[in-house]
Amino acid sequence: MHDYPSARRSDVHETLHGEVVADPYRWLEDADAPETQAFVAAQNAHARPALDALSSRTEFLETVTEMLTAPARGCPFEKGGRVFAWHGDGQNQDVLVVADSVDELENGRVLLDPNTLSDDGTSAVTTASVSPDGALLAYGVADGGSDWRTIRVRDVETGQDLDDEITWTKWNSPVWLPATDQSADQRVDTSVDVAARSFSYWCYDEPDGNALTSEQGAGRLQAHVVGTDRQADAVLFSRPDEPRTFARPWPADDTWFVLHTDSGSSSGNDLAVRRHAEPVEALRALVTGRDREWHSIGIRDDVLYVVTDDGAARYRLASFDLNTGAQSTVVAEHDEDVLLNAHLTATGLMLEYSHDAAHRAQLAAFDGTLGEALPLGEGVSITGMSTDDESGRVYATTSSFVDRGTRHILDVDGTSVLSHRTLPTPGPAAPRATTSRIRVTSTDGADVPAFVVRPEGDDGSVPRPTLIWGYGGFNIPMNPGFRAVLAAWVAASGVLVVPNLRGGGEFGSDWHHAGTKERKQQVFDDLYAVAEHLVSTGVTTRRQLALHGRSNGGLLAGAALTQRPELWAAVLPGVGVLDMLRFDRFTIGWAWTSDYGDPDEADAFAYLKAYSPLHNVRPGTEYPPTLITTGDHDDRVVPGHSLKFAAALQHAQAADAPILLAVDTRAGHGMGKPKDAAAAEFADQLAFAAHHTGLR
């Protein structure tokens, strides 16, 4: 048996809805406590030698490093006659380049290099927005993986930062406002000759307690005028009486200000508008109730175009006459495919659809008449799309499980594609593999599809070590996108399976809602149906089957570990939501009640406790080999989830299989993580899964 680091078990307990619930490791929620820090250090000291000793770790580290540092090219976008894109050529963080044309981007000028922001590469640019005239860049810098960021402003022409600095911001990207907006007075820096001189941002008061764990109160939407004191910034939206309300503006046009408000990560939203020339108080509602989604995509001739699931589980494109508020359907719900997004061009609409969890794009006229399909390829994900409502130029990027990324440049006219070409991405090709689809009957009779990616030469005649990557929540789809950690598994001759579980966004809002709140167990049952199908059909065996997931996918892995420990050869929960009775008490956790339910409500408490990974660890159970990973700067899913779960599993483990906890002490939830740190984490996970599934 393993000699795990000691973890004090306290007698903390509380009565919740008439039931006594023990929480012996609650002290691990205090990230700043010396005892917690000592626990983390001891766990890392225990895990590090075991992980370093894995025979395939060095090879996996080389593979994922090569993939992560291979040249990467983001989707180009145009502003003010300039073309911008994010490029990576092996640096820890990609850089933002600018050029006068798309064909000059490869040798473009570096406008922003996040690698220069800190000595260790852990400061990242997590949001960036160029003003409509292409003259200014507002960008947000986050440190150590935190969601907190500081917004700065850079002159695009000179490449120099201005004096503006806005702290304690989160979530929203800066949205540039026209000079006519009454929310921001016109006290401007006269040395900056630009038309768009102010932008909106979402911020909070400086936290009183631990900024990485304390529950967030009410935020507010403010407008900053470039060159002025941040303390003078006007408030565009504030609801101190509704601290769980977010507000997100849409960068529409010079006439209209559009505001979305919601109260959760995947709930519906309200929609309101006013003219920029009107005061803040003039905001008038188009939609209320927050029971459906309304995502603005643009304005033309005082008509607002919106993607919504109102009366359309697979979404439709609607429009509002902003002068009268009258609503119309422009493109009706598709019989099979899900409308994911839409864009305006000068001559028409660009529609993005999900077809059996892969993506396609189609042109349409402003009246909804459908046109040609865009030639983006089969079995791909659209990872970026940029259009301009004053031109017919469309930029798009696609990827798949075996394509690192392809850039498309198209010229369109209404419903027709006039030209199409692709830009090559330099660097090595992705691993050669074949991708197929399977459909599995779940416990309620529904068909649950999954992608199966086999390495080149695998004819399926013998079972192979197999890795399932799952999520199943928050209306987020699992599409055939390129991820280094998954591609490296296939390159090592493993089989990859990516199921489209209930709760995800692959098949519309009904599919999403079928895996939320009291229906969350269905997500886990879908996973088990897929896993058992893989075993029964000879794709793999239980001794060769590993499960990996991050965030809500970490919850999936934790629940599968505690509910069906016999099913897995290895389980890898990453930055997981693992304490379902207290997730809402830290940072932004309360926003997840839209998917999970509120543990303060008796009915929700009952079903949350029934599957909460932390509360279903049973002493004396033989758990499979488990590697739990998190970051001590994770202020989205706080590390206390993983620390408590690891301590409970190590205490309960009745088998000789290892329970390891690896904590990155300069990382957060994952966004902006340096590539060398990401490569090290991926190598740990892949080598652990390979060792326990027999992958050679």
Side-chain angles (χ1 to χ4, degrees), residues 68-69 71-80 82-99 105 108-132 134-176 196 199-204 211-212 224 226 230 248 251 383-384 386 395 397 405 484 631 633-636 664 666-679:
L68 288 170
T69 58
R73 301 291 182 262
C75 186
F77 60 95
E78 294 185 8
K79 295 289 183 181
R82 293 181 165 118
V83 184
F84 302 80
W86 288 94
H87 284 189
D89 287 295
Q91 312 98 317
N92 266 326
Q93 308 283 352
D94 291 349
V95 302
L96 181 64
V97 300
V98 58
L105 271 178
R109 170 170 59 94
V110 175
L111 174 61
L112 179 60
D113 184 355
N115 300 284
T116 65
L117 300 177
S118 63
D119 293 336
D120 61 0
T122 58
S123 290
V125 173
T126 56
T127 184
S129 178
V130 179
S131 62
L136 292 179
L137 167 70
Y139 66 98
V141 178
D143 182 59
S146 171
D147 283 327
W148 289 114
R149 56 198 179 202
T150 298
I151 296 176
R152 298 169 184 161
V153 180
R154 178 161 294 192
D155 186 310
V156 173
E157 182 66 33
T158 66
Q160 299 298 309
D161 280 349
L162 307 180
D163 292 334
D164 306 77
E165 184 173 282
I166 306 172
T167 57
W168 302 114
T169 71
K170 276 192 179 185
W171 314 131
N172 291 7
S173 294
V175 173
W176 290 91
F199 57 83
S200 67
Y201 61 91
W202 186 258
C203 67
Y204 296 88
L212 299 179
H224 177 69
V226 174
R230 184 253 176 106
R248 299 178 176 87
T383 54
S386 172
Y395 297 106
T397 51
H633 281 59
D634 192 339
D635 51 356
R636 192 174 307 179
D664 192 329
R666 285 292 291 167
H669 200 61
M671 179 176 288
K673 190 166 186 171
K675 291 176 183 175
D676 56 0

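Model, not experiment: these values are computed from the prediction.
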[X] versus [Y], closest heavy-atom pair with distance:
X      : Y      : value
Trp176 : Ser131 : NE1-N, 3.4 Å
Asp164 : Val153 : CB-CG2, 3.9 Å
Pro76  : Ala85  : CA-CB, 4.0 Å

Quick check against the 3.5 Å criterion: does [X] have a side-chain atom that pairs as donor or acceptor with the backbone of [Y]?
X      : Y      : result
Ser118 : Ser123 : yes
Asn115 : Gln93  : yes
Thr127 : Gly140 : no
Arg248 : Ser173 : no

Nearest-0.5 Å distance, [atom1] of residue [X] to [atom2] of residue [Y]:
X      : Y      : atom1 : atom2 : answer
Trp171 : Thr169 : CH2   : OG1   : 10.5 Å
Thr126 : Ile151 : OG1   : CD1   : 9.0 Å
Phe77  : Arg82  : CZ    : CZ    : 12.0 Å
Leu111 : Glu157 : CG    : CD    : 10.5 Å
Leu112 : Phe84  : CG    : CZ    : 11.5 Å
Arg152 : Asp163 : CZ    : CG    : 12.0 Å

Under 4.0 Å between a Lys/Arg side-chain N and an Asp/Glu carboxylate O for Asp89 and Arg73?
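The answer is yes: the pair qualifies as a salt bridge.
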Do Asp94 and Lys675 sit within salt-bridge range, that is, some charged N less than 4.0 Å from a carboxylate O?
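Salt bridge between Asp94 and Lys675, a charged N being under 4.0 Å from a carboxylate O: yes.
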Answer yes or no: is there a side-chain heavy-atom contact under 4.5 Å between [X] and [Y]?
X      : Y      : answer
Asp143 : Thr150 : no
Arg149 : Val141 : no
Cys203 : Trp168 : no
Leu137 : Leu96  : yes
Ile166 : Phe199 : yes
Ser129 : Val175 : no
Arg230 : Tyr201 : yes

Is the Trp148 ring parallel, tilted or perpendicular to the Tyr204 ring (thresholds 30°, 60°)?
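Because their plane-to-plane angle is over 60°, the rings of Trp148 and Tyr204 count as perpendicular.
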